[in-house]
Protein chains: 2
Amino acid sequence: MSPKVTPGLAQMQPPATLQEALHVAGRRLTPQRALILSVLHQVDGHLDAEGIHSLAQHHYPGLNLATVYRTLAVLKEMGLVEQRYFARDHKREYYEAVGKREHYHATCLGCGKVIEVETPRIRQAQRELSENSGFVFVHACVCFEGYCAECAQARSQDAGEGEAGADGA
Amino acid sequence: MSPKVTPGLAQMQPPATLQEALHVAGRRLTPQRALILSVLHQVDGHLDAEGIHSLAQHHYPGLNLATVYRTLAVLKEMGLVEQRYFARDHKREYYEAVGKREHYHATCLGCGKVIEVETPRIRQAQRELSENSGFVFVHACVCFEGYCAECAQARSQDAGEGEAGADGA
DNA sequence: ATGCTTGCAAACGCTTTGCAGTATG
DNA sequence: CATACTGCAAAGCGTTTGCAAGCAT
């Protein structure tokens, strides 16, 4: 690793915990790993590998996309990061640091915004299904699609005005 | 189209409805399209493009995978077919003819089996969330992962015997 | 000093697309 | 007969991997 790391990177994340967690897993703490995790913690939003990569590059220009992917795999395996999918198009993987309350995501088909939603119904569904089928649930991938309040309103107005087919499917 | 079509293909699907539906959409009925839809109806299971392709090739050896993809896109757009994802690994798209009752899927991490589950909780969640957020839900992608009754039992037995780490996590 | 990590670039797997010939309505 | 559709092959896209050099411990 030759490119200079911006000062301040060192204190960005590692509360010594990461160091330790990695060590237990037989892995090493590197500036890249610390940085990537810190980016995920700072931007509490939802980033894909490329988003993480470009944000992280502000601090660490030499960072390679492959390293981002590999680091995400490690952090995921260690349970520090979760991988999610948004919207119907699941081509792209998104990542999110763990620690927040259980939540799911809803993507607005109008503005693309992703909002987080909380509901106990998914768990409830799993509990109920488990009871009468014996299936043991480990994970649920849930992503909602629709229109946020604003876009929904805008659309209903458009529909009223144009009347010719402003609506798209 | 030169390869011979197996006799019987003609009657396989087109209840004249497909023909009509396609026509309305400004499209044409081709043996490929009829076949692909019929495959999806016959195998009520869950197929990816390649699965559809190889099944369909029994009847139509010349069928090209690209045609399968294009046809699926058309049928999806016409609302005759739904595209789904299974398990956490969403690399691959699966397709399913519409018409069945609303259901979701649970993939067994042990044997790979995909079972269909019905639950009103997803709808309920959407209804509730919609009420207090104004979000208008259009679609929900839900896929469960876990262990089917059999695999779950097998795993718990293994865990009891080995005791050294038969569990994989 | 040991070997886990990184950067680079090539490979991968699934899906999409450009093009010229073909068949449908 | 116009043109939507197909087969073929190549491109696309996000993600993964082999390899040699480079760090962390």
Side-chain angles (χ1 to χ4, degrees), chain A residues 1-5 10 14 16 18-37 47-54 56-57 60-78 83-95, chain B residues 1-5 10 14 16 18-37 47-54 56-57 60-78 83-95:
Chain A
M1 179 110 308
S2 30
K4 269 300 176 33
V5 173
L18 176 57
Q19 158 96 293
E20 201 173 323
L22 282 163
H23 188 260
V24 171
R27 328 202 89 118
R28 293 173 182 175
L29 176 60
T30 66
Q32 291 94 328
R33 286 178 177 170
L35 175 56
I36 288 167
L37 186 53
L47 295 169
D48 59 5
E50 263 188 45
I52 296 168
H53 181 228
S54 46
Q57 277 193 321
Y60 202 126
L63 183 63
N64 191 279
L65 185 54
T67 300
V68 174
Y69 277 109
R70 279 190 283 232
T71 296
L72 287 170
V74 169
L75 296 176
K76 187 165 55 174
E77 182 187 314
M78 294 171 57
Q83 183 234 79
R84 308 281 198 120
Y85 290 100
F86 298 151
R88 198 176 324 202
D89 166 34
H90 288 208
K91 293 290 173 298
R92 203 178 224 97
E93 298 171 355
Y94 289 81
Y95 299 86
Chain B
M1 181 111 305
S2 31
K4 268 302 174 33
V5 173
L18 175 57
Q19 158 95 293
E20 202 173 321
L22 282 163
H23 188 260
V24 170
R27 329 202 87 118
R28 294 174 182 174
L29 177 60
T30 65
Q32 290 94 329
R33 287 178 177 171
L35 174 56
I36 288 167
L37 186 53
L47 296 169
D48 59 5
E50 262 188 47
I52 295 168
H53 181 229
S54 47
Q57 277 193 321
Y60 201 126
L63 183 63
N64 190 280
L65 185 54
T67 300
V68 174
Y69 277 109
R70 278 189 284 233
T71 297
L72 288 169
V74 168
L75 296 176
K76 187 165 54 172
E77 182 187 315
M78 292 172 59
Q83 184 233 79
R84 307 282 198 121
Y85 290 99
F86 298 150
R88 199 177 323 204
D89 166 35
H90 289 206
K91 293 292 174 294
R92 204 180 222 96
E93 298 172 355
Y94 289 80
Y95 299 85

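Values in this document were obtained by computation on a predicted structure and should not be read as measured data. Every heavy atom of this structure was used, including side-chain atoms; hydrogens, water molecules and symmetry mates were not. Chain identifiers are assigned alphabetically (A, B, ...) following the order of the sequence lines, protein sequences preceding nucleic acid strands; residue numbering begins at 1 within each chain.
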By side-chain hydrogen bond (donor to acceptor under 3.5 Å, both in side chains), Y94(B) pairs with (sequence neighbours left out) none
Is there a side-chain contact between Q19(A) and the phosphate of dT25(D), meaning an N or O under 4.0 Å from OP1 or OP2? yes
Side-chain contact check for H23(B): nearest option of dA24(D), dG25(C), dT24(C) is dG25(C)
From CG of L65(B) across to C1' of dT16(C) the rounded distance in Å is 11 Å
Phosphate-side-chain proximity, R28(B) and dA23(C), N/O vs OP1/OP2 below 4.0 Å:
no
For L65(B) and A49(B), the nearest pair of non-hydrogen atoms, with its separation, is CD1-O, 3.9 Å
When rounded to whole Å, the CG to C1' distance for the pair L35(A) and dT5(C) reads 15 Å
H90(A) and Y85(A) have their tightest heavy-atom pair at O-CE2, 3.4 Å
Review point. Just to confirm, is there a sub-4.0 Å distance from OP1 or OP2 of dC23(D) to any side-chain nitrogen or oxygen of Q32(A)?
Key: no
* Asked: At under 4.0 Å, does any side-chain N or O of R92(A) touch on OP1 or OP2 of dG14(D)?
  -> yes
Rounded to the nearest 0.5 Å, the NZ atom of K91(A) sits from the NZ atom of K91(B) at a distance of 10.0 Å
Show me the side-chain donor-acceptor pairs of residues 69-78 of chain A shorter than 3.5 Å, one per line, residues at least two apart or across chains.
from: T71(A); atom 1: OG1; to: T67(A); atom 2: O; distance (Å): 2.9
from: E77(A); atom 1: OE2; to: R27(A); atom 2: NH1; distance (Å): 3.2

Atom CD of E20(B) and atom P of dG25(C) are separated, to the nearest Å, by 13 Å
R33(A) CZ to dC4(C) C1', in whole Å, measures 8 Å
In this structure, CG of D48(A) is separated from NE2 of H53(A) (nearest 0.5 Å) by 11.5 Å
Between R27(B) and A49(B), whichever has its closest DNA chain C nucleotide further toward 5' is A49(B)
Contact check, residues 66-77 of chain A vs DNA chain C, heavy-atom distance under 4.0 Å, returns A66(A), T67(A), R70(A)
When rounded to whole Å, the CD to P distance for the pair E93(A) and dC13(D) reads 17 Å
So CZ of R33(A) and CG of L22(A): to nearest 0.5 Å the spacing works out to 6.0 Å
To the nearest angstrom, the CZ-P distance between F86(A) and dG14(D) comes to 16 Å
Y85(B) OH to dC14(C) P, in whole Å, measures 13 Å
Counting only side-chain nitrogens and oxygens, does N64(A) get under 4.0 Å of the OP1 or OP2 atom of dT6(C)?
no
Taken to the nearest whole Å, CD/E50(B) to C1'/dT16(C) is 15 Å
